[in-house]
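Since the structure comes first, as structure tokens, the remarks are kept for the end.
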Amino acid sequence: MSGFIIFWAMIGYPISLKMIGKKYKDRRLKKDYSHQPTVTIMVVAHNEEKVILEKLNNIVSLNYPQEKIEFLIASDNSTDKTNEIVKSFINDHRDLKIRLYEVKARKGKTNAQNEAHKTVTTDYLIMTDANSIMSKDSVIELMAAFTSDDIAYVSGKLSIINQQSSDTSKAEASYWDSDLASRETEGRIQTITAGNGALYAIRTADYYDFDPIQCHDSAMPPLYALQGKRAIANHDAVAYEKAGENIEDEFGRKVRMNRIILKHILPDIRILNLFKYKWFSYFYFGHRTCRYLLWIAHLLVFITNLLLIPESPLYTLVFVFQVLFYLIALLVLFSKTNNKYLNLVYYYCVTILAQWCGVFNILTGKAKPFWEKAESTR
């Protein structure tokens, strides 16, 4: 069973999704470019003095009717010059609707979004990270995808701009490109299972106050799916961002992403109801449940394989393969080889270790809703 979980998460599900996608090849993302409602772009920032000015210049230059767009910077108890830079920018752009919301106690991104959302009066809300640069037509594209009342969430495409900077960023970009292809197919057929914090949009009325330990990326799409609504991807709405350029930054990011991994294995038992939720049940099990179980699946495969060695030479061969797999990761760690395939093995093992750290933090009460940013992504 553990071997199946690993196989299905990394190989079986992506292959099956490609086959399913071919069956639904005539189903395309519908767009209505005449749909241009009032919109607020919210940027959550904590000590982002390095990038906040570039972000502000980016969002005020987007292609969208000026009378229909507002800008909201939710500063999560910033202690550097972030607030000062935002206030100065607002003062220099009095013709634009820009507001600064200062969160008094730092409780993380989701809490800042919860607080700042209560001040929003526009029809739609777009969230974007402080270190993400939005493409000119990203707002138009996001709004054009809301073509029916059952669409509650539209995710944009995160494009990694520094994938050639290091082996770490190259490995992350490779993984991300594969994941984007899966999301496009899922959204085209029914609904995606997770979004990304770089760029996404919802109806303001559909906003839900999540526990600050949760993040919108992983919590919103399942919430809407269980309400009978859809979360889709429009990859013509693009946000550009750096991946971590060193393994320490990327490892820390992945540990933070796994701060609630145990809950995400199966956040709601109703997800298993194939008759009601149809493809979403299949998508979530393959894309999320199996991936969130990789940490324990690898341990169980290793232990049971070790115990089964006396039963057959086949088990000996498989065990040798497992040992070599982990030795390759250690080799890369200490030798810093540039081999693409060896680095992918290393990156995968780092990802599994990050899951274990996430589980450890949960069980020891160390999981927290806020974190220190990865400097190499700024």
Side-chain angles (χ1 to χ4, degrees), residues 1-23 166-168 170-179 181-182 185-186 193 247-248 250-251 254-255 257-258 261-262 264-266 271-272 274 281-363:
M1 288 176 63
S2 297
F4 170 79
I5 287 170
I6 296 169
F7 167 79
W8 194 250
M10 304 311 299
I11 300 173
Y13 176 71
I15 291 176
S16 74
L17 197 60
K18 287 184 179 180
M19 296 171 65
I20 296 167
K22 289 180 180 179
K23 181 181 178 181
S166 70
D167 292 329
T168 301
K170 191 181 298 182
E172 172 62 14
S174 177
Y175 157 77
W176 188 242
D177 288 344
S178 173
D179 207 63
S182 295
T185 303
E186 291 170 349
T193 57
I247 199 63
E248 292 80 13
E250 194 57 32
F251 178 73
K254 290 190 179 299
V255 171
M257 288 169 57
N258 288 305
I261 186 174
L262 296 180
H264 286 160
I265 292 170
L266 191 64
I271 288 175
L272 299 178
L274 271 166
S281 299
Y282 181 80
F283 294 161
Y284 197 91
F285 175 77
H287 203 162
R288 299 296 152 195
T289 299
C290 287
R291 288 197 183 186
Y292 293 141
L293 285 170
L294 286 173
W295 58 282
I296 190 68
H298 274 280
L299 178 64
L300 291 175
V301 161
F302 192 87
I303 293 174
T304 52
N305 192 174
L306 178 63
L307 295 174
L308 286 167
I309 285 177
E311 301 297 323
S312 167
L314 177 62
Y315 291 121
T316 303
L317 183 64
V318 176
F319 187 76
V320 169
F321 172 80
Q322 286 197 73
V323 172
L324 287 175
F325 188 82
Y326 296 123
L327 285 176
I328 287 172
L330 288 174
L331 174 67
V332 175
L333 174 63
F334 293 111
S335 69
K336 302 298 181 182
T337 177
N338 291 321
N339 184 279
K340 173 184 176 181
Y341 301 103
L342 297 186
N343 274 300
L344 284 175
V345 171
Y346 174 61
Y347 185 80
Y348 178 81
C349 290
V350 166
T351 301
I352 302 305
L353 181 59
Q355 288 190 338
W356 271 103
C357 289
V359 171
F360 175 80
N361 288 340
I362 293 168
L363 297 179

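Position 1 is the first residue of the sequence, and the numbers go up from there.
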**OP:** Decide yes or no for Y175 and T351: does some side-chain heavy atom of the first lie under 4.5 Å from some side-chain heavy atom of the second?
**Re:** no
Subject >> Interatomic spacing from CZ in F319 to CG in N305 - rounded to 0.5 Å >> reply: 6.5 Å
**OP:** Search all heavy atoms of C357 against all heavy atoms of F251 and return the closest pair with its distance.
**Re:** SG-CZ, 3.6 Å
Subject >> Distance-minimising heavy-atom pair for N258 and I362 >> reply: O-CD1, 3.9 Å
Subject >> Closest non-hydrogen atom pair, V301 against S2 >> reply: CG2-CB, 3.4 Å
Subject >> Minimum side-chain heavy-atom gap V332-V345 below 4.5 Å >> reply: no
Subject >> Separation between CD1 of I20 and CD1 of I15, rounded to the nearest 0.5 Å >> reply: 12.0 Å
**OP:** Could you tell me whether the side chain of Q322 reaches within less than 4.5 Å of the side chain of L306, counting heavy atoms only?
**Re:** no
Original post:
Mind checking whether Y284 and T289 have side chains closer than 4.5 Å, heavy atoms only?
Top reply: yes
Original post:
Which value, rounded to the nearest 0.5 Å, describes the distance between F285 atom CZ and I5 atom CD1?
Top reply: 6.5 Å
Original post:
CH2 of W356 to CG of N361: how many Å apart, nearest 0.5 Å?
Top reply: 13.0 Å
Subject >> Contacts of type side-chain contact (heavy atoms from CB on, under 4.5 Å), residue L274, not counting sequence neighbours >> reply: S281
Subject >> Gap separating the CD1 atom of I309 from the OG1 atom of T304, nearest 0.5 angstrom >> reply: 10.5 Å
Original post:
Checking Q355 side chain against R291 main chain: does a donor-acceptor pair fall under 3.5 Å?
Top reply: yes
Original post:
If we only count heavy atoms from C-beta on, is the K18 to T185 side-chain gap below 4.5 Å?
Top reply: no
Subject >> CG on L294 to CE on M10, rounded to 0.5 Å >> reply: 6.5 Å
**OP:** Please check if atom OH in Y348 has more than 12 non-hydrogen atoms from other residues, nucleotides or ligands closer than 6.0 Å.
**Re:** yes
Subject >> S16 side chain to Y282 side chain, donor-acceptor N/O pair below 3.5 angstrom >> reply: yes
**OP:** Would you mind reporting whether L363 and L262 have side-chain heavy atoms less than 4.5 Å apart?
**Re:** yes
**OP:** Could you tell me which non-hydrogen atom of F302 sits nearest to which non-hydrogen atom of V323, and how far apart they are?
**Re:** CE1-CG2, 4.3 Å
Subject >> Contact check, side chains of L307 and Y315, non-hydrogen atoms, under 4.5 Å >> reply: no
Original post:
Closest heavy-atom contact between C349 and F325?
Top reply: SG-CE2, 3.6 Å
**OP:** Compare every heavy atom of G358 with every heavy atom of I261, then report the nearest pair and how far apart it is.
**Re:** CG2-C, 4.5 Å
Original post:
Just by modelled atom types, is the G286 backbone N or O under 3.5 Å from a matching donor or acceptor in the W8 side chain?
Top reply: no
**OP:** Might you work through the side-chain hydrogen bond (donor to acceptor under 3.5 Å, both in side chains) test for H287 and D179, ending with a clear yes or no?
**Re:** CA-CA 9 Å; H287 203 162; D179 207 63; 2.7 Å; yes
